[in-house]
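No hydrogens, no waters, no symmetry mates; every other heavy atom, side chains included, goes into these values.
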Amino acid sequence: MVRRANPRQVDQTGALVAELSDWAVGSAPLFRLLARAIAGGIERGALDQGTRLPAERSLAAALVVSRGTAVAAYDVLVADGLIERRQGSGTYVLGAGALGLPPGREGSALVHRLVERSAGPSRIIDLSISVLHDASGLPPVTLTSSELHAVAPDTGYSPWGLTGLRTAVAGHMSAWGLPSTADQIVITTGAQQAISAAAACWLRPGDTVVVEDPTYPGAIAAFGQSGARLRGVAVDAHGVRVDELEAALADRPALVYLQSTLHSPTGVVLSETRRRRIAALIRAARVPLVEDLALADLAWHPAPPPIASHCGDASVAVVGSLSKLFWGGLRIGWVRAPAPLATRFANVKATQDLGSSAVSQLLAERLLHSLQAPASTYVDRLREQLRARYETLTFALSTSLPSWSWDQPAGGLSLWVRLPIPTAEAFAQAALRHGVAVATAPALSPSTRHTNRLRLSFSGPPDQLEEGVRRLADAWEHYR
């Protein structure tokens, strides 16, 4: 007789695995590391009082460890008074219930990993987060204290952003084929805040947001924290499927979120034909659109004008980022929207942080102006560097892991890898124990369509990419 998995038990196990993140990193025995990770989730309130934990056998299978490891970890937690075993019922969390966030608002495993990695040095090679790793290749710019004294307003608080930067960003977007003016621009602390501001503008708990499946994990986190429900539409080699999007719009969602140039994680560019068709659908449905162009500057070839260029005065917010073009630590993004809607975004921005760092904004303005210099080759050199790193990663993968496959992206920072098995999430746990972190579908998808996929970043230094693949190959050999 074939035993079928209990769906409730599967959900419990998947949620706990996502919460544990890098649990196996450390020098202690595995059972103590696992107990410590679960205890941390309880103390943070992520595992609420009364939460039923998965059975030891299910947890062991999901984490690719022995059942004895899971049993010993639970024994430690029972002894510490954090959990209890109830005869015939299961294992339950006892403490820290009042500290939990509402369901769906605690962020993904990628968010947890970012929090943990930023706390101090790590031996992990992180291929899961797609960002530019350092500022060493930036154009030379200077900033003096007298320029800070000239900032208006003199407090440095500006929910709109500094006028000079807004003007420079408007010119940058106009070069993409979307004529823009400074009064349409609101500067944000990275594209992530821009997406969160869009959620604050339009969403209430229980609303539906249509997103690509897969999509950018930061968008899933932002919309999830607003209490929204996500509806995924498929992506193919030419971008989001318009037939699926049209069907989703018929149900009157509160918001649509799309990445036209480039899509993360697949790396595709939405075709011009589809852009025009989507613009017509958005205008007809009168549903707000967030068009994410944070990666647009990293496309290897020129892309068509944004969807927003065909939308007239519809409610379309275009998200951009200089963190992808220059350096993640710059933390400068923006929203471009029709002027009345831009005012609404500025009001939301004011409630979030009063305004992004004036120092970062001044540096960003200098950097954007430097691109206009006649001899500037920065963008071309950056694209060439990233393409070379893509080739480094894919050569190493082809050599060491020939059963893995992928479609060539049109640019960007990451690769959407296809494994020959439908258990990428379990393999990711094994990879962590070999010292390499990868992104898996649960953080990038509102569905369960992509159980054989990993996202690997190729933005890091070549030696790290090669070592990361070596560790992945070791993990694959042990896992298989």
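Within 6.0 Å of the CG atom in D313, the count of heavy atoms belonging to other residues, nucleotides or ligands does not exceed 12. Counting heavy atoms of neighbouring residues, nucleotides and ligands inside a 6.0 Å radius, atom CZ of R277 does not exceed 12 of them. For E246, the CD atom is loosely surrounded, since the number of other residues' heavy atoms within 6.0 Å does not exceed 12.
Sorted by first and then second residue, the salt bridge (charged side-chain N to carboxylate O under 4.0 Å, His left out) pairs involving residues 349-372 (not counting sequence neighbours) are E147-R366, K349-D353. Sequence neighbours left out, not one pair with a member in residues 263-295 passes ring pair (Phe, Tyr, Trp, His ring centres under 6.0 Å). Residue pairs meeting the salt bridge (charged side-chain N to carboxylate O under 4.0 Å, His left out) criterion with at least one member in residues 161-174, sequence neighbours excluded, do not occur.
Between L63 atom CG and E425 atom CD the span is 9.5 Å, to the nearest 0.5 Å. The line from OG of S400 to CD of E477 is 11.0 Å long, rounded to the nearest 0.5 Å. Distance check, rounded to the nearest 0.5 Å: NZ of K324 to CG of L262 gives 11.5 Å. For the atom pair OG1 (T266) and CG (D407), the distance works out to 8.5 Å, reported to the nearest 0.5 Å. Note that the CZ atom of R455 and the CG atom of L127 stand 10.5 Å from one another [nearest 0.5 Å]. Taking CZ from R331 and OG from S323, the interatomic distance works out to 4.5 Å, rounded to the nearest 0.5 Å.
Side-chain N/O atoms of D183 and W160 include no donor and acceptor closer than 3.5 Å. There is no side-chain donor-acceptor pair under 3.5 Å between S271 and T273. Neither side chain, Y479 nor Q429, offers a donor N or O lying under 3.5 Å from an acceptor on the other. With hydrogens and angles left out, the side-chain atoms of T189 and S356 include a donor and acceptor closer than 3.5 Å.
In this structure, T392 and F458 have side chains that are not in contact, with every pair of non-hydrogen atoms separated by 4.5 Å or more. A 4.5 Å side-chain heavy-atom check between L472 and L456 finds at least one atom pair inside the cut-off. Between P409 and W416, every side-chain heavy-atom pair lies at or beyond the 4.5 Å cut-off. Considering only heavy atoms from C-beta on, R344 comes within 4.5 Å of C201 through its side chain. In this structure, the side chains of V417 and V438 stay at 4.5 Å or more apart for every pair of heavy atoms. Put simply, the side chain of I332 reaches to within 4.5 Å of the side chain of L165, judged on heavy atoms. Counting only heavy atoms from C-beta outward, the side chains of H172 and L325 approach each other to under 4.5 Å. You'll find the side chain of L132 reaches within 4.5 Å of the side chain of L413, heavy atoms only.
A donor-acceptor contact shorter than 3.5 Å is absent between the side chain of R336 and the backbone of M173. Looking only at distances, no side-chain donor or acceptor of R453 sits under 3.5 Å from a matching main-chain atom of P214. The backbone N or O of S360 lies less than 3.5 Å from a partner atom in the side chain of S357, making a donor-acceptor pair. Side-chain N or O atoms of T423 include none that pairs as donor or acceptor with a backbone N or O of I421 at under 3.5 Å. Looking at T188, its side chain does come within 3.5 Å of a backbone N or O of W334 through a donor-acceptor pair. No side-chain donor-acceptor contact under 3.5 Å links R387 to the backbone of W300.
Taking the six-membered ring where the residue is Trp, W404 and W476 present perpendicular rings, their angle passing 60° and hence far from 30°.
A salt bridge does not link R470 with E466: none of the charged nitrogens is closer than 4.0 Å to a carboxylate oxygen.
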* To do: Start with the C-alpha gap between F326 and Y378, add the side-chain angles, then the distance that decides, and say whether ring pair (Phe, Tyr, Trp, His ring centres under 6.0 Å) holds.
  => CA-CA 9 Å; F326 293 122; Y378 172 77; 5.5 Å; yes

* Would you check, one step at a time, whether the test salt bridge (charged side-chain N to carboxylate O under 4.0 Å, His left out) holds for R471 with E467? => CA-CA 6 Å; R471 296 184 187 186; E467 175 61 17; 3.0 Å; yes

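In this structure, Y390 has its ring center no closer than 6.0 Å to that of W406.
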